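On a predicted model such as this, the values are computed, not experimentally measured, just so you know.
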Amino acid sequence: MTQTPIAPSSPDDIVLEDDTLAQRLDRQADAILAEGEARSFEDPTSLRQAVRADADMIRGKVISRVEAARDGIRDEPMKTTLYALGIGVIFGMLMRR
């Protein structure tokens with residue numbers, strides 16, 4: 001970090017009497033930023049693995065929901081047809097406006 005101020009100091013600025021405190025805070029801030037930067041550039045394979053794991057989990061949930069919907073349609077076809085008809089009528093009325 002640079003030691004020169006961006007703008008001239010004003011009476012509202014916080015002025016530290018102990019310059020070593022400011023230097024210590026600068027070093028700590030630099031260390032925190034460097035640690036975050038190092039973590040952001042880690043091996044991308046772990047990120048790919050995490051994305052693949054999430055995609056597999058979502059795919060499993062979607063497949064189970066689709067199977068549940070198919071079973072519901074097979075078990076009660078008349079009820080499903082009436083629901084679809086009702087939804088179609090509602091959409092038709094809304095689209096006519």
Starting at [atom1] of [X], measure out to [atom2] of [Y] and round the result to the nearest 0.5 Å.
X   : Y   : atom1 : atom2 : value
T81 : K79 : OG1   : NZ    : 12.0 Å
I63 : I58 : CD1   : CD1   : 12.0 Å
Y83 : M78 : OH    : CE    : 13.5 Å
I32 : R27 : CD1   : CZ    : 13.0 Å

Suppose clustering is done on Ile, Leu, Val, Met, Phe, Trp and Tyr with side-chain heavy atoms closer than 4.5 Å. Which residues sit in the same group as L94?
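Cluster partners of L94: I90.
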Set of side-chain hydrogen bond (donor to acceptor under 3.5 Å, both in side chains) partners for R65, sequence neighbours left out:
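R65 satisfies side-chain hydrogen bond (donor to acceptor under 3.5 Å, both in side chains) with no other residue.
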Partners of D71 by side-chain hydrogen bond (donor to acceptor under 3.5 Å, both in side chains), sequence neighbours excluded?
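Residues passing side-chain hydrogen bond (donor to acceptor under 3.5 Å, both in side chains) with D71: none at all.
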Look at atom CE of M57 and say whether more than 12 heavy atoms of other residues, nucleotides or ligands are closer to it than 6.0 Å.
yes
